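On a predicted model such as this, the values are computed, not experimentally measured, just so you know.
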Amino acid sequence: MLTALTPLELQLEGKKLQNWKIKNDKWIERKYMFKDYLQGIQFVSEIGQIAEANKHHPFINVQYKAVIVSLSSWAAKGVTALDIDLAVEFEKAYEHVNHTISSIR
């Protein structure tokens, strides 16, 4: 069973995630910006695969060239180590999408 991180643990773990914001000690959230709409959609597809493999799904909001990702664990009523781990994986996916698109152009 997942356990929510305490506010102090969340602050410490959050240091791994430079561009993520802690929301109400219950969520972590990040806004990713892309060069175009389809690059953002490719990113959403990649993080969707990661989420499905981990059976833990974020809220994803696509706003043209911006993708906002929010993570929390309903069962734990807050952010867990799994949320932090997924955020780290999402950062890798972001780098992959940016690198792939840049090398094509």
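A salt bridge between E13 and K16 is present, with a side-chain N of the basic residue lying under 4.0 Å from a carboxylate O of the acidic one.
A 4.5 Å side-chain heavy-atom check between L82 and L86 finds at least one atom pair inside the cut-off. The closest side-chain heavy-atom distance from I28 to L10 is below 4.5 Å. Side-chain contact check for V97 versus Q39: some heavy-atom pair is nearer than 4.5 Å. Residues E52 and H57 form a side-chain contact, since some pair of their non-hydrogen atoms from C-beta on lies under 4.5 Å apart. Taking the side chain as every heavy atom from C-beta outward, Y64 and D36 never approach each other to under 4.5 Å. Residues E91 and W20 form a side-chain contact, since some pair of their non-hydrogen atoms from C-beta on lies under 4.5 Å apart. Here the side chains of K31 and M33 are in contact, with some heavy-atom distance below 4.5 Å. K35 places none of its side-chain heavy atoms less than 4.5 Å from the side chain of K65.
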After noting the C-alpha distance and the side-chain angles of Q11 and I22, does the key distance pass the side chain to side chain contact (heavy atoms under 4.5 Å, CB included) rule? CA-CA 8 Å; Q11 290 291 329; I22 299 169; 3.7 Å; yes
Could you go through E29 and K23, starting from their C-alpha distance and side-chain angles, then the distance that decides it, and tell me whether this counts as salt bridge (Lys or Arg N to Asp or Glu O under 4.0 Å)? CA-CA 7 Å; E29 185 175 273; K23 302 277 195 170; 3.6 Å; yes
Could you go through K21 and R30, starting from their C-alpha distance and side-chain angles, then the distance that decides it, and tell me whether this counts as side chain to side chain contact (heavy atoms under 4.5 Å, CB included)? CA-CA 6 Å; K21 294 180 181 173; R30 164 98 149 86; over 6 Å; no
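A donor atom on one side chain and an acceptor atom on the other are not found under 3.5 Å apart for S72 and D83. Between the side chains of N54 and E89, no donor-acceptor pair is found at a separation under 3.5 Å.
Hydrophobic cluster membership differs between I68 and W27, with clusters built from Ile, Leu, Val, Met, Phe, Trp and Tyr side chains linked at under 4.5 angstrom. V88 and V44 fall within the same hydrophobic cluster, where Ile, Leu, Val, Met, Phe, Trp and Tyr residues are linked whenever their side-chain heavy atoms come under 4.5 Å apart, directly or through other members. Under a hydrophobic clustering in which Ile, Leu, Val, Met, Phe, Trp and Tyr are joined whenever their side-chain heavy atoms come within less than 4.5 Å, directly or via other members, F90 and F59 fall into different clusters. A continuous path of Ile, Leu, Val, Met, Phe, Trp and Tyr side chains, each step under 4.5 Å between heavy atoms, connects Y37 with V67, placing both in one hydrophobic cluster.
Taking OG of S70 as the reference point, atom CD1 of I60 lies at 9.5 Å (rounded to 0.5 Å). The structure places CD1 of I50 at 12.0 Å from CG of D85, a figure rounded to the nearest 0.5 Å. Taken to the nearest 0.5 Å, the CD1 atom of I84 stands 13.0 Å off from the NZ atom of K15.
Remark: the backbone N or O of A76 is not paired with any side-chain donor or acceptor of S73 at under 3.5 angstrom.
A pairwise comparison of heavy atoms in G78 and A4 identifies CA-CB, 4.1 Å as the closest pair.
Between Y94 and Y32, the angle of the ring planes lies from 30° to 60°, which puts this pair in the tilted group.
Exactly one of V69, L38, V62 qualifies for a side chain to side chain contact (heavy atoms under 4.5 Å, CB included) with F43. That residue is V69.
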